[in-house]
A.B. asks: 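Please find one structure pasted underneath; my questions will follow.
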Protein chains: 2
Amino acid sequence: MNTESWLAQLQSTGCRLTGARRAVVEVMESSDRALTPVEVFDAARQRDPRLGLVTVYRTLEKLEQLGLIQRVHQSRDCQAFLKAGIGHQHLLLCERCGRAVLFDGDDLEALFSRVGEQTGFAIKSHWLQLYGLCRECQTK
Amino acid sequence: MNTESWLAQLQSTGCRLTGARRAVVEVMESSDRALTPVEVFDAARQRDPRLGLVTVYRTLEKLEQLGLIQRVHQSRDCQAFLKAGIGHQHLLLCERCGRAVLFDGDDLEALFSRVGEQTGFAIKSHWLQLYGLCRECQTK
DNA sequence: GCCTTTATTGAAAATGATTTTCAATTACAG
DNA sequence: CTGTAATTGAAAATCATTTTCAATAAAGGC
Ligand SMILES: [Mn+2]
Ligand SMILES: [Mn+2]
Ligand SMILES: [Zn+2]
Ligand SMILES: [Zn+2]
């Protein structure tokens, strides 16, 4: 259960440990797909029925600041959140069920230097996402 | 002046040619950076002071459907629009001034097959954006 | 040019997501 | 256990976008 580690990190930055935060953390930490604030709200409310949507927004903001979750941009929903990986990674998303997988080890240096030369830009960072169908969704 | 070509395309799909559309087209066609609907509104209003923001939204939607402009997602603004290139291309954005450059000729096939094998996903499409500083912004 | 038809327009209202305000509650240091 | 300051949820405010609607004007036929 990684949940305790997330809660410990929250606590170490001066946050108090509440039922509302625990519920949101449990939902985010155990989800393998990006969730919108309302989806987090619906899931977390089952653990803490008093929970308000406002608190979900506030907790997501805190978790993002701590680098425990990341914002996921998609053509439709740009406000969904997913647990973050460690270090530089990229996302692979299932177009059907939304499942998300992180991967690393891209080698784009050659591309960067070519584009840098052609355009005169100094390239600082990049953003790569792959879309497809996960194993389960391929057979349905 | 490519503006006329955009207007002709609009007309060929049954649209009427109005001052409002002409203003929005001129702004989008001549901008080298992504603009939000309000930015388009402010710029286009100088050509057609009567212009309403609603019409900007409606015209941007039409231009996007025709493939003349594309939506640009960034960490902050996910609702900005930029003229589209031809065929499969990627974006390079200046982090300072917002200038946008399209480029093509990425070779990511090796990466796709490796990630596909490791994850079991069938990879269908991808999304790549580079960020950096344009030549002008490097020297300031 | 002058009608007629019908798409287009902008103002205002409606919607939906997010943020702010605020008084009541509660975690937790002492 | 107590005092205090952080946290909470409800309600109100804000902001971007969409819908509604009556007035306007583009384009085609004359
Ligand atoms: Mn990378
Ligand atoms: Mn590509
Ligand atoms: Zn799937
Ligand atoms: Zn620049």
Side-chain angles (χ1 to χ4, degrees), chain A residues 3-4 6-28 34-66 69 71-81, chain B residues 3-4 6-28 34-66 69 71-81:
Chain A
T3 303
E4 296 311 319
W6 286 34
L7 292 171
Q9 284 204 56
L10 273 175
Q11 233 174 355
S12 76
T13 60
C15 286
R16 290 182 181 175
L17 227 160
T18 68
R21 279 174 180 160
R22 197 181 292 273
V24 171
V25 164
E26 282 173 5
V27 167
M28 289 311 299
L35 301 173
T36 63
V38 171
E39 287 173 330
V40 176
F41 178 55
D42 289 338
R45 201 158 34 160
Q46 304 197 351
R47 297 161 191 267
D48 181 351
R50 292 191 182 181
L51 183 65
L53 179 56
V54 199
T55 300
V56 172
Y57 275 99
R58 290 191 275 227
T59 306
L60 290 175
E61 191 183 358
K62 281 236 159 71
L63 294 175
E64 191 188 16
Q65 283 167 359
L66 285 172
I69 63 175
R71 212 173 279 263
V72 173
H73 299 256
Q74 286 185 269
S75 55
R76 288 204 33 220
D77 239 320
C78 282
Q79 294 296 81
F81 292 88
Chain B
T3 303
E4 296 310 318
W6 286 35
L7 292 172
Q9 283 204 57
L10 273 174
Q11 234 175 352
S12 76
T13 61
C15 285
R16 289 180 183 176
L17 228 159
T18 68
R21 280 175 181 159
R22 195 181 294 273
V24 172
V25 164
E26 281 172 5
V27 167
M28 289 310 301
L35 301 173
T36 63
V38 171
E39 287 172 329
V40 175
F41 178 55
D42 289 338
R45 202 159 33 161
Q46 304 197 351
R47 297 161 191 267
D48 181 351
R50 294 192 181 180
L51 183 64
L53 179 57
V54 200
T55 299
V56 173
Y57 276 99
R58 290 191 275 228
T59 306
L60 289 175
E61 191 183 356
K62 280 236 159 69
L63 294 175
E64 192 188 16
Q65 284 166 359
L66 284 172
I69 63 174
R71 210 174 281 263
V72 174
H73 299 256
Q74 285 185 268
S75 55
R76 290 204 32 221
D77 242 319
C78 282
Q79 294 294 80
F81 292 87

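Naming: A, B, ... by sequence-line order, numbering from 1 per chain. Owing to the predicted nature of the structure, the values given are computational and were not obtained by experimental measurement.
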A.B. asks: The side chain of B:Arg16 lies closest to which of these nucleotides: C:dT20, D:dT7, C:dT5?
C.D. replies: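 Looking only at heavy atoms from C-beta outward on B:Arg16, the closest nucleotide is C:dT5.
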
A.B. asks: I want to verify a distance call: between D:dT19, C:dC28, D:dA11, whose nearest atom is closest to the B:Val54 side chain?
C.D. replies: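 Looking only at heavy atoms from C-beta outward on B:Val54, the closest nucleotide is D:dT19.
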
A.B. asks: For the pair made of CZ in B:Arg22 and P in D:dA26, what is the distance, rounded to whole Å?
C.D. replies: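 One finds 10 Å between P of D:dA26 and CZ of B:Arg22, rounded.
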
A.B. asks: Is any N or O donor-acceptor pair between the side chain of B:Arg50 and the base of C:dT9 shorter than 3.5 Å?
C.D. replies: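 No, no donor-acceptor pair under 3.5 Å.
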
A.B. asks: In whole angstrom, give the distance that lies between atom CG of B:Leu17 and atom C1' of C:dT6.
C.D. replies: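 So the two atoms are 16 Å apart, to the nearest Å.
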
A.B. asks: Give a yes/no on whether any side-chain N or O of A:Arg58 is located under 4.0 angstrom from OP1 or OP2 of C:dT20.
C.D. replies: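 No.
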
A.B. asks: In whole angstrom, what separates B:Asp48's CG from D:dT24's P?
C.D. replies: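 So the CG-P distance, B:Asp48 to D:dT24, works out to 16 Å.
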
A.B. asks: Select from B:Gly19 and B:Leu53 the residue whose nearest nucleotide in DNA chain D is closer to the 5' end of that strand.
C.D. replies: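 This one resolves to B:Leu53.
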
A.B. asks: For B:Phe81 and D:dA16, give me the distance from atom CZ to atom P, rounded to whole Å.
C.D. replies: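 For the pair B:Phe81 CZ and D:dA16 P, the rounded distance is 15 Å.
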
A.B. asks: Using whole Å, what does the distance between atom P of nucleotide C:dG16 and atom CD of B:Gln79 come to?
C.D. replies: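 The distance from CD of B:Gln79 to P of C:dG16 comes to 17 Å, rounded to the nearest Å.
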
A.B. asks: Could you report the tightest heavy-atom contact between B:Trp6 and B:Met28, atom names first, then the distance?
C.D. replies: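 Heavy atoms of B:Trp6 and B:Met28 come nearest at CZ3-CB, 4.0 Å.
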
A.B. asks: Between B:Leu10 and B:Leu63, does a side-chain contact (heavy atoms from CB on, under 4.5 Å) hold up when you go through it step by step?
C.D. replies: CA-CA 8 Å; B:Leu10 273 174; B:Leu63 294 175; 4.2 Å; yes

A.B. asks: On DNA chain D, does the nearest nucleotide to A:Ala20 precede the nearest nucleotide to B:Glu61 from the 5' side, or the other way round? Give the residue.
C.D. replies: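 By nearest-heavy-atom nucleotide position, the 5'-most residue is A:Ala20.
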
A.B. asks: Rounded to whole Å, please give me the gap between CG in A:Asp42 and C1' in C:dA17.
C.D. replies: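 Answer to the nearest Å: 14 Å.
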
A.B. asks: Using only side-chain N and O atoms of B:Thr18, determine if any of them is under 4.0 Å from OP1 or OP2 of C:dT9.
C.D. replies: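 For C:dT9, OP1 or OP2 has a side-chain N or O of B:Thr18 closer than 4.0 Å.
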
A.B. asks: Rounded to the nearest 0.5 Å, what's the gap from CD on A:Gln11 to CZ on A:Arg21? Could you check?
C.D. replies: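 The CZ atom of A:Arg21 is 10.0 Å from CD of A:Gln11, to the nearest 0.5 Å.
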
A.B. asks: At 4.0 Å (heavy atoms only), tell me whether A:Gln11 reaches a base, stays on the sugar-phosphate, or touches nothing.
C.D. replies: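 Here A:Gln11 touches the backbone only, sparing every base.
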
A.B. asks: In whole angstroms, how far is the P atom of D:dT7 from the CG atom of A:Leu60?
C.D. replies: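 Distance check: A:Leu60 CG to D:dT7 P gives 15 Å.
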
A.B. asks: To the nearest 0.5 angstrom, please state how far the CD atom of B:Gln65 sits from the NZ atom of B:Lys62.
C.D. replies: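 These two atoms lie 7.0 Å from each other.
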
A.B. asks: When you measure from the side-chain N and O atoms of B:Arg21 to the phosphate of D:dA26, is any distance below 4.0 Å, counting only OP1 and OP2?
C.D. replies: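 No, no such contact exists.
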
A.B. asks: Do you know which two heavy atoms are closest between A:Pro37 and A:Leu53, and how far apart they sit?
C.D. replies: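 Heavy atoms only, the tightest pair is O-CD1, 4.0 Å.
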
